[in-house]
Trainee: 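Before I ask anything, here is the structure I am working with.
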2 protein chains.
Amino acid sequence: MRQDSRLSRMLHVLIHMDRHDGALTSEAIAAMLNTNAVVIRRTMAGLRDAGYVQSEKGHGGGWRLACPLDRVTLLDVHRALGDPTVFAIGPTDDEPRCLVEQAVNAALADALREAEAVLVRRLGTVTLADLAADFDRRLALSGKCGA
Amino acid sequence: MRQDSRLSRMLHVLIHMDRHDGALTSEAIAAMLNTNAVVIRRTMAGLRDAGYVQSEKGHGGGWRLACPLDRVTLLDVHRALGDPTVFAIGPTDDEPRCLVEQAVNAALADALREAEAVLVRRLGTVTLADLAADFDRRLALSGKCGA
DNA sequence: CTATCATGAAACAGCATAAGTTACGTGAAC
DNA sequence: GTTCACGTAACTTATGCTGTTTCATGATAG
């Protein structure tokens, strides 16, 4: 099943925005991600509504961070994107009459809930600042290795 | 994103097969799941190849369990279905050149890996016999409550 | 032996959703 | 007032599970 890459993309953009002076246009961001400006506007809309970025129209306009990176976790961004479904597997029927199906759904739901709790906890403890720091570490390493 | 319900469906079927004397035809199974016989054959093929069920052609043919329920975990069934992607979210590019993207992907991959490990551990510790036992418990309860 | 039943498999259409595209409106800066 | 950039709607594309049709194969009943 095809995966939703919006979270990954938006995290990527937000770190770049932090390292960039002035506003970034949707066109520029789209070029960075090899995609389309409208897709960027559509996806960034959630982050804007959540207050993590702000947009400006007209000359010199574009997108800017509206909030320091250490105040935003990966979970915050996920939520801002509309809390999309995490799992690609799940039951068909949420309220089955069949008791067998109820038992199956309960077991699966338990397992998925537990896994999602771990994921949410993990995403909630990592901030964008942490990612930026990891980027800096990688940058220093790549400099040392000449790669 | 739409969810893959094959695991849920196959677990449902396997428990029913255990409680049923004789073979179950794809048509009968499809009727139980409100779907199509060809879909059943297609999905059951993986379970057959894994040795969890067997199929017989002709009069009185159909599907039977080939293995006791306590020998099969939910994870086994998941694997038999081709180990489909568990997560609906993920990165676009697996080998990005951009160091920011690498940092983002590493963080997300870590979180997803951890969550998947929890899910796999959970699915691997629950057997079909456990589900059947839970079904029996629900059956007894529903009888008591008159529901 | 033949008809019937049931699986096996290929081929194609349906459907949902992220993604890509086009088009037009709105507001800000030059 | 022209240009730039976002905002939004509408449409198309791509992908993968799902559903359906069709025919072949093999097993059983009569």
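A quick note: this is a predicted structure, and the numbers were derived from the prediction, not measured. Protein chains get the first letters and strands the later ones, always in sequence-line order, with residue 1 at the start of each.
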Trainee: So does A/Q54 have more than 12 non-hydrogen atoms from other groups sitting under 6.0 Å from CD?
Mentor: yes

Trainee: Quick check: on DNA chain C, is the nucleotide nearest A/A37 upstream (toward 5') of the one nearest A/K57, or the reverse? Name the residue that is more 5'.
Mentor: A/A37

Trainee: Between atom CH2 in B/W63 and atom C1' in C/dT7, what is the gap in whole Å?
Mentor: 7 Å

Trainee: Where do A/R41 and A/S26 come nearest, in terms of heavy atoms and distance?
Mentor: CG-OG, 3.3 Å

Trainee: As a test of reading the structure: which of C/dA19, D/dG7, C/dT4 is closest to the side chain of A/R48, going by heavy atoms?
Mentor: D/dG7

Trainee: Tell me the interatomic distance from A/R6, atom CZ, to C/dA18, atom P, rounded to whole angstroms.
Mentor: 5 Å

Trainee: Any idea which of C/dA9, C/dA23, D/dC4 is nearest the A/V38 side chain?
Mentor: C/dA23

Trainee: Could you state the CD-P distance from A/E56 to C/dC30, rounded to the nearest angstrom?
Mentor: 12 Å

Trainee: Between P on C/dA9 and CE on B/M44, what's the gap in Å once rounded to a whole number?
Mentor: 14 Å

Trainee: Which nucleotide sits closest to the side chain of B/S55: C/dG8, D/dT18, C/dA19?
Mentor: C/dG8

Trainee: Do the charged groups of B/D76 and B/R79 touch, with an N to O distance under 4.0 Å?
Mentor: no

Trainee: In whole angstrom, give the distance that lies between atom CD of A/Q3 and atom P of C/dA19.
Mentor: 11 Å

Trainee: Can you sort out which residues in residues 8-36 of chain B have a heavy atom within less than 4.0 Å of DNA chain D? Ascending by number, please.
Mentor: B/R9, B/T35, B/N36

Trainee: Please answer whether the main-chain N or O of B/A28 pairs with a side-chain N or O of B/T25 as donor and acceptor at a distance below 3.5 Å.
Mentor: yes

Trainee: Just by modelled atom types, is the A/A107 backbone N or O under 3.5 Å from a matching donor or acceptor in the A/D110 side chain?
Mentor: no

Trainee: Measure CD1/A/I40 against P/C/dA18 and give the value in whole Å, please.
Mentor: 15 Å

Trainee: Testing the basics here: between B/N105 and B/P96, what is the closest heavy-atom pair and its distance to 0.1 Å?
Mentor: ND2-CG, 3.7 Å

Trainee: If you look at every strand shown and take non-hydrogen atoms under 4.0 Å, does A/G60 touch a base, only sugar-phosphate, or nothing?
Mentor: nothing

Trainee: Can you find a side chain N or O atom of B/R42 that sits less than 4.0 Å from OP1 or OP2 on C/dA10?
Mentor: no

Trainee: At under 4.0 Å, does any side-chain N or O of B/R41 touch on OP1 or OP2 of C/dA10?
Mentor: no

Trainee: Rounded to whole Å, please give me the gap between CG in A/D4 and P in C/dT17.
Mentor: 12 Å

Trainee: Output the rounded distance in Å from CD1 (B/I89) to C1' (C/dT17).
Mentor: 15 Å

Trainee: Around B/R19, counting heavy atoms of other residues, nucleotides and ligands shown, do more than 12 lie under 6.0 Å from its CZ?
Mentor: yes

